[in-house]
Chemist: 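Below you'll find the structure I mean.
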Number of protein chains: 2
Amino acid sequence: MDKNLKRMATMHRMQTKGLELFYKKGYYNTSIDDILKELDLSKGAFYYHFQSKEDFFVSIVQNMVVRKVYNLMIEPIEGKADPVTAIERCFENALATAEHNELDYGFVLGNFITEFNGRNQEISKYLKDIYKVWEVNLVTTLQKGKTDGFIARHVDSEGVASFLIASYMGIRVLMVEGNSRMLGYNYMQQIKQYLKSIAETQLV
Amino acid sequence: MDKNLKRMATMHRMQTKGLELFYKKGYYNTSIDDILKELDLSKGAFYYHFQSKEDFFVSIVQNMVVRKVYNLMIEPIEGKADPVTAIERCFENALATAEHNELDYGFVLGNFITEFNGRNQEISKYLKDIYKVWEVNLVTTLQKGKTDGFIARHVDSEGVASFLIASYMGIRVLMVEGNSRMLGYNYMQQIKQYLKSIAETQLV
DNA sequence: TGGTCAACCGACCACTTAGTCGGTTTTTTT
DNA sequence: AAAAAAACCGACTAAGTGGTCGGTTGACCA
């Protein structure tokens with residue numbers, strides 16, 4: 001326990017800086033040395049803790065990226081009674097976080113999925129798994145929303161879930177370096193309208 | 001005119017192969033040599049025609065990427081009387097093309113925007129410009145749709161336009177290597193539902 | 001005090017990268 | 001056919017790249 005403290009601390013420092021730079025510059029465009037330089041650590045330290053650059057990245061995905069997505073996108077919705085309100089609030093909050101971050105490079109998970117799509121099957125799998133967890137959670141919440149009378153019966157929960165995720169990923173791409181404030185606001189208006197159309201009360 | 005024929009032919013061969021590989025593997029993960037190897041051309045030939053890798057990529061964006069987006073996403077909608085039907089058909093066709101392409105790496109424009117976001121301002125600008133042309137065209141068509149009685153007056157055309165683009169970009173990311181058939185189908189169902197909600201006939 | 005070992009160092013290796021340049025081939029012009 | 005211009009070749013450079021490895025440090029224990 002106590003013994004592993006230093007080990008964990010260093011690994012965590014590397015992972016944090018690694019995620020920062022991979023997110024900022026992309027995986028293939030970020031070298032191990034880039035990361036180590038900013039931490040005043042050496043190659044030896046890196047390869048003492050991680051087997052390879054890929055192994056390092058996987059560890060980041062499985063620890064930090066998972067947590068980020070979970071905290072920001074899944075937890076705020078999971079099991080909530082009224083899915084419509086929960087999703088609205090969650091997305092609104094997520095976009096606001098992105099807007100207020102002056103250095104925004106897009107949605108972490110979305111960026112990585114794009115970068116590895118068709119280029120690295122193994123890493124793609126880990127990333128897609130996170131997406132799937134998110135999707136399943138959304139579907140479950142939406143289904144529960146049906147039985148609780150918040151969502152119309154005819155709604156295809158899986159369709160709605162992937163549509164929501166896709167639209168969010170897309171808007172986060174466009175929000176970088178644009179007038180993200182306006183884009184985010186407009187996006188939320190449309191999402192609200194869309195969500196209305198799947199809500200129980202507005203059944204045709 | 002005639003003089004430039006060989007020049008144009010070689011440049012075009014390079015650009016075509018360049019776009020193919022940049023799209024497949026990403027810009028930073030594709031070397032000039034990768035491209036030249038497949039064309040049986042040399043470094044000399046490349047730097048005779050292009051100033052740098054970046055200059056080369058910009059020329060690809062301004063010629064081929066622009067045209068791709070225009071042909072597939074803008075032209076089929078531009079100026080059409082009924083925007084709702086036009087957008088539906090256009091997106092359906094675009095997704096079908098993606099599905100039937102066994103080697104799909106996502107939406108070309110979306111991938112590049114993601115890769116260069118926050119990494120290369122100049123290139124980002126050229127990519128964003130294409131997005132803007134697309135957006136403006138959508139807005140114009142939607143506005144015309146209002147006066148022609150296809151779109152409800154209260155609709156925010158700009159919001160709808162960026163929402164449509166964002167959702168399309170997002171779903172194209174998810175469709176890679178997944179069960180893209182199902183995803184695409186589900187996506188279209190949701191888009192149709194959403195479009196219904198902005199159509200004139202269904203005004204609340 | 002001396003030994004042990006996890007944690008870390010940094011020179012080094014084989015390889016790839018974008019870009020250069022003197023020279024050769026091919027095509028066009030005269 | 002000769003000269004001129006355009007197109008192309010490929011060895012080379014300098015700066016990285018991921019990864020290795022023999023060696024050092026310093027905390028901890030006996």
Side-chain angles (χ1 to χ4, degrees), chain A residues 1-61 112 115-116 119-123 126, chain B residues 1-61 112 115-116 119-123 126:
Chain A
M1 286 274 167
D2 201 11
K3 260 205 277 190
N4 283 334
L5 225 71
K6 184 153 200 215
R7 176 183 182 81
M8 297 297 267
T10 305
M11 287 177 80
H12 192 261
R13 276 212 316 146
M14 289 177 179
Q15 289 168 325
T16 303
K17 183 59 75 178
L19 176 57
E20 181 193 322
L21 294 190
F22 288 145
Y23 171 52
K24 192 185 290 183
K25 311 200 299 165
Y27 174 82
Y28 291 112
N29 201 30
T30 302
S31 70
I32 308 289
D33 283 327
D34 289 342
I35 298 161
L36 295 170
K37 207 182 298 166
E38 293 205 29
L39 297 172
D40 278 311
L41 284 169
S42 68
K43 274 270 171 69
F46 181 85
Y47 283 96
Y48 177 75
H49 292 293
F50 302 99
Q51 284 178 26
S52 64
K53 188 185 180 186
E54 194 169 313
D55 171 67
F56 174 57
F57 184 74
V58 169
S59 85
I60 290 176
V61 170
F112 288 148
E115 183 166 12
F116 291 105
R119 280 149 213 147
N120 186 316
Q121 270 201 317
E122 200 200 334
I123 292 185
Y126 291 120
Chain B
M1 284 275 167
D2 201 10
K3 263 204 278 191
N4 285 332
L5 226 72
K6 182 148 199 220
R7 177 183 182 81
M8 297 297 265
T10 305
M11 286 178 81
H12 192 261
R13 277 210 316 146
M14 288 177 178
Q15 289 169 325
T16 304
K17 182 61 74 180
L19 176 57
E20 181 193 322
L21 294 189
F22 288 144
Y23 171 52
K24 192 185 290 182
K25 311 200 298 165
Y27 175 81
Y28 291 112
N29 201 30
T30 302
S31 70
I32 308 288
D33 282 327
D34 289 342
I35 298 160
L36 295 170
K37 208 183 298 165
E38 293 204 28
L39 297 172
D40 278 312
L41 284 170
S42 67
K43 273 269 171 69
F46 181 85
Y47 283 96
Y48 176 74
H49 291 293
F50 301 100
Q51 284 179 26
S52 65
K53 188 185 180 185
E54 194 169 312
D55 171 68
F56 175 57
F57 184 74
V58 169
S59 84
I60 290 175
V61 170
F112 288 148
E115 183 166 12
F116 291 104
R119 280 148 211 146
N120 185 316
Q121 270 202 316
E122 200 200 334
I123 293 184
Y126 290 121

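Computed from a predicted model, the values in this text were never measured in an experiment. In the text below, chain A, chain B and the rest are named by the order of the sequence lines, each starting its count at 1.
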Chemist: For Met11(B) and dA6(D), what is the distance between atoms CE and C1' respectively, to the nearest whole Å?
Modeler: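 It works out to 14 Å between those atoms.
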Chemist: Ser31(A): what forms a side-chain hydrogen bond (donor to acceptor under 3.5 Å, both in side chains) with it, not counting sequence neighbours?
Modeler: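 Scan of Ser31(A) (side-chain hydrogen bond (donor to acceptor under 3.5 Å, both in side chains), adjacent residues dropped) gives Asp34(A).
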Chemist: Among all residues two or more places apart in sequence or in another chain, which pass the ring pair (Phe, Tyr, Trp, His ring centres under 6.0 Å) test with Tyr27(A)?
Modeler: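 Applying ring pair (Phe, Tyr, Trp, His ring centres under 6.0 Å) to Tyr27(A) gives Phe22(A), Phe57(A), Phe116(A).
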Chemist: For Lys37(A), check salt bridge (charged side-chain N to carboxylate O under 4.0 Å, His left out) against everything at least two apart and list the hits.
Modeler: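 Partners of Lys37(A) by the salt bridge (charged side-chain N to carboxylate O under 4.0 Å, His left out) criterion come out as none, since no residue qualifies.
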Chemist: How many whole angstroms separate atom CG of Leu36(A) from atom C1' of dG16(D)?
Modeler: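 For the pair Leu36(A) CG and dG16(D) C1', the rounded distance is 15 Å.
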Chemist: Could you work out, with side chain to side chain contact (heavy atoms under 4.5 Å, CB included) as the rule, every residue matching Thr16(A), not counting sequence neighbours?
Modeler: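 With neighbours one apart ignored, the set is His12(A), Met64(A).
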Chemist: One thing to verify: whether Lys24(A) and Glu20(A) come together as a salt bridge, which I'm taking to mean a side-chain N less than 4.0 angstrom from a carboxylate O.
Modeler: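 Here Glu20(A) pairs with Lys24(A) in a salt bridge, since their nearest N and O are under 4.0 Å apart.
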Chemist: For Met11(A), check side chain to side chain contact (heavy atoms under 4.5 Å, CB included) against everything at least two apart and list the hits.
Modeler: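 If we apply the side chain to side chain contact (heavy atoms under 4.5 Å, CB included) test to Met11(A), skipping adjacent residues, the hits are Arg7(A), His49(A), Phe50(A).
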Chemist: Write out all pairs satisfying salt bridge (charged side-chain N to carboxylate O under 4.0 Å, His left out) with one or both partners inside residues 41-59 of chain B, taking only residues at least two apart or from two chains.
Modeler: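 Sorted pair list: Asp33(B)-Lys43(B).
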Chemist: For nucleotides 25-27 of chain C, print each protein N/O atom paired with a nucleotide N/O atom at under 3.5 Å, atom names and distance only.
Modeler:
none

Chemist: Give me, pair by pair, the N or O atoms of the protein and of nucleotides 23-28 of chain D that are less than 3.5 Å apart, along with how far apart they are.
Modeler:
none

Chemist: Does Thr30(B) have any side-chain hydrogen bond (donor to acceptor under 3.5 Å, both in side chains) partners at least two apart in sequence or in another chain, and if so, which?
Modeler: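 By the side-chain hydrogen bond (donor to acceptor under 3.5 Å, both in side chains) rule, Thr30(B) matches no residue at all.
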Chemist: Report yes if at least one side-chain N or O of Arg7(B) is closer than 4.0 Å to OP1 or OP2 of dA7(D); otherwise report no.
Modeler: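 It does, given that an N or O in the side chain of Arg7(B) lies less than 4.0 Å from OP1 or OP2 of dA7(D).
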Chemist: For dA7(D), does OP1 or OP2 lie under 4.0 Å from any side-chain N or O of Thr10(B)?
Modeler: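 No, outside the criterion.
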Chemist: Heavy atoms under 4.0 Å is the rule here; annotate nucleotides 13-20 of chain C 5' to 3' with B where the base is hit, S where only the sugar-phosphate is, and - elsewhere.
Modeler: ----SBBB
Chemist: Using side-chain hydrogen bond (donor to acceptor under 3.5 Å, both in side chains) as the criterion, list what pairs up with Thr10(B), not counting sequence neighbours.
Modeler: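 Expected list: none.
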Chemist: Would you mind reading off the distance between Phe50(B) atom CZ and dC8(D) atom C1', rounded to a whole angstrom?
Modeler: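 After rounding, the gap between these two atoms is 14 Å.
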Chemist: In this structure, how many angstroms lie between the P atom of dA7(C) and the CE atom of Met8(A), rounded?
Modeler: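 Nearest whole value for this atom pair: 11 Å.
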Chemist: Report the distance from atom OH of Tyr48(B) to atom P of dA5(D), rounded to the nearest whole Å.
Modeler: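 Taking atom P of dA5(D) as the reference, OH of Tyr48(B) is at 12 Å.
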Chemist: What contact category does Asp40(B) fall into here, base, sugar-phosphate, or nothing, at under 4.0 angstrom with non-hydrogen atoms?
Modeler: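 Sugar-phosphate: the residue Asp40(B), judged by heavy atoms under 4.0 Å, touches backbone atoms but no base.
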Chemist: OP1 or OP2 of dA6(C) less than 4.0 angstrom from a side-chain nitrogen or oxygen of His49(A), does that happen here?
Modeler: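 For dA6(C), neither OP1 nor OP2 has a side-chain N or O of His49(A) closer than 4.0 Å.
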Chemist: Among Tyr47(B), Tyr48(B), Phe46(B), exactly one meets ring-ring contact (aromatic ring centres under 6.0 Å, His included) together with Phe56(B). Which residue is that?
Modeler: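 Single ring-ring contact (aromatic ring centres under 6.0 Å, His included) partner of Phe56(B) among Tyr47(B), Tyr48(B), Phe46(B): Phe46(B).
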Chemist: Is it the case that the side chain of Glu115(B) and the backbone of Gly26(A) share a donor-acceptor pair, with hydrogens and angles ignored and the cut-off at 3.5 Å?
Modeler: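 Checking the backbone N and O of Gly26(A) against the side chain of Glu115(B), no donor-acceptor pair under 3.5 Å is found.
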